[in-house]
Visitor: 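Once you've had a glance at the structure underneath, I'll fire off some questions.
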Amino acid sequence: MNELDVFTLLKEEVKRTFQQKYPYFEGALQQLSSQDILNLIDDIQEKTKQTVSEKWVYTHLKPATNAKLPRKDMLDILAMYAGVENWDAFKFQYQGRDAVSVAKVSKAYQKYFFFGLGIVMLIVMSVVLWNTKNNTKIQFQNSFSKDTIAKKEIKAYEIKANNETEIAVEALEKPLAKPIKVVLKSPFYQSKTVVVTPTTAVQTIALEPNDYAMMLKAFMKSDIKDWQTRKVQLQKILSDDLEVMVMLKNDLGAEFFNKEEFAQKVIVPSTWLKQMTIVELKTATDHKIVFVRMTQD
Amino acid sequence: MVLSTTAIVAQSNSSVSQEKVTSTNDLKKSNVQSISNNFNTLTIASYQQQSQNKIKEFFEYLNEYAQTTDEALSKELEKVLLQSLQNENLGFTNILNPAATKVSFATLLETVKKNNLRFSLFSFNTIKTQQSYFECEYSLQISQMDEVKQTKLTQKVYLYPYEKKFGQMQKQVWELKLGDF
């Protein structure tokens, strides 16, 4: 693998890092729009405290293939953005130590190496299997679509003597001494109380979706087209008493929007809105959404 | 072709007068409501970051407004743009001719639409925190057909307490609204 191949891998890592902040960016770096490039430049500056120019992005990142390697100081910046100390450290991950010294390892040493590796893998697998023997596997499922629900959308509260104590969803999968009663809550699904029993079988828990919450979640990630449908639907699903609380960075400070203001933002969703995650949602007795708490991704 | 111009940043002639106080009581009220009296440094930094997000969002909406030929969508974009402003009577730097007199919001929209302008923002900096607003400085790239201009703008973003209605309910919240540039 030569340095240009490694640079191609670095570009992939840059794209992955960019998508952590802008998850709606799909496709390859060749498809970066001028706004995407500016967002990328801002993100690089924020994470590395260093700047790359628009022209540099057009010259080195956008092309599908590169005829030559960029300057090392620019490669260092990109490597840092991708979460590695510098270009040399990134290169080392793929090219390894001096290829010449690898080639010098004799066949005899290789044989002993793979034998030892096999033993280690057997031991590791045994330990993992032993530890997971008594673990319960829990899967959450949308009761209508049967789609798997991401665990990050669910919060679990153990019920003990009429008190609810939040526990990690993953804790339900650790070995349990006895059954525990848990209430599962999500902004997008109806709450459900279940008893989780110690078993090695996969436990599938079906949750009933909150249709209005699902619609709102989808609307917030929409493109601007179909705005007229959104406008009509939002009047239907949002309560007149709606309060939307947007938590700012690190939960320091908040902005508040009423129904009119929030609906207007969702009718024409901006990049900022698409980055928001609903963490809490309440509905009234008529199922209309009456409270939303959001945070930035 | 890229031309570099530096905007002549005129003093705000916004109809919002946050800084004038005429009595001791007004001064006390003004101090009580001031940003620094109500928030610590980290929270102020969060609001400053959000101010930048709001400015970026404003120009993103302007880009959509310039591009769309859908009359009804244009009206929706006007509403959301207006909603982000502190009030509808702000004056804006004439982005095609910064030396000229400031223009109204309606004229800004007309200019953007008529010239099919496209905006990109970068190099944000909050240069000042006053009693009730932040002053943000940024570079604005304006594309018009094949021509690209760049100008530096300074914009106020107001943060102030406000009794907001949520249907039947009312409560005091801190509002973050864009001022003029």
Visitor: Answer yes or no: are there more than 12 heavy-atom neighbours, outside Lys155(A) itself, under 6.0 Å from its atom NZ?
Guide: no
Visitor: Check step by step if side chain to side chain contact (heavy atoms under 4.5 Å, CB included) holds for Gln49(B) and Leu248(A).
Guide: CA-CA 9 Å; Gln49(B) 176 63 51; Leu248(A) 302 187; over 6 Å; no
Visitor: For Phe256(A) and Phe166(B), what are the C-alpha separation, side-chain angles and deciding distance, and is it a side chain to side chain contact (heavy atoms under 4.5 Å, CB included)?
Guide: CA-CA 10 Å; Phe256(A) 291 83; Phe166(B) 298 90; 3.9 Å; yes
Visitor: Check each atom of Gln35(A) against the heavy atoms of chain B and say whether the ones under 4.5 Å are side chain, backbone, both or neither.
Guide: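 For Gln35(A), the contact with chain B is made by the side chain alone.
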Visitor: Side chain, backbone, both or neither: which part of Ile267(A) has a heavy atom under 4.5 Å from chain B?
Guide: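 Only the side chain of Ile267(A) comes within 4.5 Å of chain B.
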Visitor: Thinking salt bridges, do Glu57(B) and Lys265(A) make one under a 4.0 Å N-O criterion?
Guide: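 Judged by the 4.0 Å cut-off on N to carboxylate O distance, Glu57(B) and Lys265(A) do form a salt bridge.
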Visitor: Does any heavy atom of chain A fall under 4.5 Å from the side chain of Leu159(B), the backbone, both, or neither of them?
Guide: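 No part of it gets close to chain A.
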Visitor: I'd like to know if Lys56(B) and Asp42(A) make a salt bridge, using a cut-off of under 4.0 Å between side-chain N and carboxylate O.
Guide: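 Looking at Asp42(A) together with Lys56(B), the answer is yes, because their closest N to O distance falls below 4.0 Å.
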Visitor: For the pair Glu243(A) and Lys165(B), find out whether any cationic side-chain nitrogen is under 4.0 Å from an anionic carboxylate oxygen.
Guide: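 No, no charged N to carboxylate O under 4.0 Å.
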Visitor: Decide whether Glu60(B) and Ser270(A) meet the rule of one side-chain donor and one side-chain acceptor closer than 3.5 Å.
Guide: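 Checked: Glu60(B)/Ser270(A) side chains show no N/O donor-acceptor pair below 3.5 Å.
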Visitor: Need one label for Glu260(A): side chain, backbone, both or neither, based on atoms under 4.5 Å from any heavy atom in chain B.
Guide: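 Backbone only.
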Visitor: Compare every heavy atom of Lys164(B) with every heavy atom of Phe257(A), then report the nearest pair and how far apart it is.
Guide: CA-NZ, 4.2 Å
Visitor: Looking at Asn53(B), Leu42(B), Asn40(B), which makes the most heavy-atom pairs under 4.5 Å with chain A?
Guide: Asn53(B)
Visitor: Sort out for me which residue in Glu76(B), Gln67(B), Glu64(B) forms a side chain to side chain contact (heavy atoms under 4.5 Å, CB included) with Ile224(A).
Guide: Glu64(B)
